Amino acid sequence: MAILCLWMLGIAAVGGPAGTGAARAADQAAPGAALTALLATPLVADESTADHTAYDELDGPFESGPEVTAACLECHVNAARQLHDTTHWTWSFDNPATGQAGLGKRNVVNNFCISVQSNWPRCTSCHIGYGWEDAGFDHTAETAVDCLVCHDTTGRYVKTPTAAGHPDPAVDLADVARNVGPTSRATCGACHFNGGGEDGVKHGDLDTSLIAPNFALDVHMDAAGLNFQCATCHTTGGHAVTGSRYAPKATDTVGIDVPGHTDETRATCESCHGQTPHEDHSKLNDHTDRVACQTCHIPAFARGARKTKMWWDWSTAGQLAEDGTPVTETDADGYTTYTAKKGTFGWGADVTPEYRWFNGLIRYTRPGEPIDPSGVVTINAVEGAASDPDARIWPFKVMRSRQPYDAGHGVLALPHVFGDDDTAYWGNFDWPKALEAGMRAQPVAFSGSYGFVETETWWPLAHMVAPKDDAVGCNECHTKHGRLAALTDFYMPGRDTYGWLTLAGWGLAGLTLLACVLHGVVRIGAAIRSRLRTG
């Protein structure tokens, strides 16, 4: 199975086991069986207008991925050039809303494996192309596009995790090419479920549990129900997939998409459900101008068969056993909690999100930008406030790490970790060598002095949408120390009080009580007086 094999190969490549406990074995078996069932459905074959087994051009044999692409381009003549204009291909993004240029996976710093640059062949194993081995990769080469990674329906297409995007030599490329079709949760998930180096590590709401989820895990992707694929919401045009981590929509004011009234994407809740989705509970509709749909309908993340990584401490990396071999430790469920190559990990399941006001703007700490190592460095700062009409309360997974920084220049350090050379950290466990090599091509060269700083990244949640009966209850927020306790810049009934308002309220209540008592006394006195008069 493509996704399962890629996951297992990826774990082996970074030095961690796929799992040792019975629980992990069960987890592995379930996604594999689910993927087999998913790919056995007639969704692809019945909806396709072409039978690719009938094309002689795809008979092969093919010796490489680019040879397959050359055959695909004989008919799909514009496909490669379309892809060349997408962020999926360039891994680069300029955000006009914030003015930040040079974002994208290839450029930014992260708090997982830290940097793509200088670690190309390992990181680009999830690129939709072939051969991105260094910064000199030709992004205009049409046959470098990997058609199969997105359009495979066999479940047998596997990229070698250390080969810059090239497929495993054991793959029968002709067989895969003759069985292509629309994208699926399995093909998209082959990379997006395994971001950060392992299944479920990065996002918290994306892992192999979503290959064939049930209704309780995700009401839209329920394999026995609506069975939404990724492209159902992340619509495409000219191979450009809508929905961006660098410029997400915090709210969709266009609302329900209909002809003549659309923003060309369904990657928001409002594009299908509108601004007043609660027909039988109109009071809930009063929240939609302040609260994102996900805030109530994703009560927890990592709710499937997989945990998600919540903590990564690079400062503890490099421990070797007495015989000189790298140390690896796992927990009772088979999750790696320590590896010499990467340090200490913390995992979580059924995690309650953290909440922030979010208006869709995110500002990134980029390579070479000064940081304050005395506190937590926020790598992607989400913007928004209660006073911002474009902001909504959103749920986030917050990934926290300790990672190296250049103490001499006061910038985040970018290590060279992967490769066969003697400067790669995963081979020599020498931080100065790895940092010098990794920062050589960066805006600021390594000063020779380093330390470790705590960082955080904020990942907005949009998947694992729970059934309405499992949505967040009113009292989970409208109470002291509830889910929204960290948001203190607005008044929320049931949670907040104003001293003067409380005093005024109790004062009015006291005056009302006093008036009632006085009124009663007067009435009693009048009654007694009346009786005395009448004898």
Side-chain angles (χ1 to χ4, degrees), residues 87 93 95-100 103 203-206 218-220 228 230 232-235 240-279 281-299 301 353-364 378 380-398 457-466 468 471-472 474 476-478 483-484 486-492:
T87 54
F93 180 75
N95 191 340
T98 62
Q100 285 195 307
L103 301 177
H203 298 279
D205 60 344
L206 290 173
D218 192 287
V219 298
H220 301 114
F228 281 10
C230 301
T232 306
C233 296
H234 294 276
T235 50
V241 180
T242 60
S244 169
R245 289 290 179 184
Y246 295 98
K249 284 192 172 184
T251 184
D252 183 353
T253 56
V254 173
I256 297 177
D257 282 13
V258 295
H261 183 78
T262 177
D263 54 5
E264 307 302 330
T265 176
R266 292 196 186 98
T268 67
C269 302
E270 295 93 334
S271 63
C272 287
H273 297 284
Q275 302 286 353
T276 56
H278 306 97
E279 295 181 2
H281 302 280
S282 59
K283 184 60 182 176
L284 295 178
N285 290 330
D286 294 341
H287 290 69
T288 59
D289 63 338
R290 296 277 74 190
V291 181
C293 302
Q294 293 89 332
T295 296
C296 295
H297 291 281
I298 305 179
F301 58 91
E354 297 187 39
Y355 301 92
R356 287 292 182 273
W357 289 101
F358 183 42
N359 61 13
L361 300 181
I362 304 176
R363 297 188 186 274
Y364 284 80
T378 302
N380 63 334
V382 298
E383 297 189 358
S387 59
D388 183 347
D390 295 326
R392 302 290 185 272
I393 297 173
W394 265 75
F396 293 86
K397 170 192 170 178
V398 185
T457 51
W458 291 71
W459 296 91
L461 300 170
H463 311 94
M464 296 188 177
V465 177
K468 63 180 181 180
V472 175
C474 301
E476 294 184 59
C477 294
H478 291 274
R483 286 176 177 254
L484 303 184
L487 300 182
T488 58
D489 58 346
F490 73 107
Y491 175 82
M492 186 167 65

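None of the values given here were measured: they were computed from a predicted structure.
Ring geometry for His278 against His297 counts as parallel: the plane angle stays under 30°, on a 0 to 90° scale with 60° as the upper cut. Classification of the His220-Phe228 ring pair by plane angle, with boundaries at 30° and 60°, yields parallel.
Side-chain atoms of Asn95 never come within 3.5 Å of backbone atoms of Gln100 as a donor-acceptor pair (strictly under, hydrogens ignored). Of the possible polar contacts, one joining the Thr288 side chain to the Asn285 backbone as a donor-acceptor pair under 3.5 Å is found. A distance-only check finds a donor-acceptor pair linking the side chain of Arg290 to the backbone of Ala391 [under 3.5 Å]. Judged by distance alone, the side chain of Asp489 and the main-chain N or O of Ala386 form a donor-acceptor pair under 3.5 Å. For Arg363 (side chain) and Glu383 (main-chain N/O), no donor-acceptor pair under 3.5 Å exists by modelled atom type. Here the side chain of Thr87 pairs no donor or acceptor atom with the backbone of Phe93 at under 3.5 angstrom. With hydrogens and angles ignored, the 3.5 Å screen pairs no side-chain donor or acceptor of Thr457 with any backbone N or O of Asn380.
The distance from atom CG of Leu103 to atom CD1 of Ile362, rounded to the nearest 0.5 Å, is 9.5 Å. Taking CH2 of Trp458 as the reference point, atom OG1 of Thr378 lies at 7.5 Å (rounded to 0.5 Å). Separating the CG atom in Asp252 from the CG atom in Asp257 is a distance of 6.5 Å, to the nearest 0.5 Å. For the atom pair CD1 of Ile298 and NE2 of His463, the computed distance is 8.0 Å after rounding to the nearest 0.5 Å.
Counting heavy-atom neighbours within 6.0 Å of Arg266 CZ, excluding the residue itself, gives a total of 12 or less. Surrounding NE2 of His281 are at most 12 heavy atoms belonging to other residues, nucleotides or ligands under 6.0 Å away.
Under the rule for a salt bridge (charged side-chain N to carboxylate O under 4.0 Å, His left out), Glu264 has no partner lying at least two apart in sequence or in another chain.
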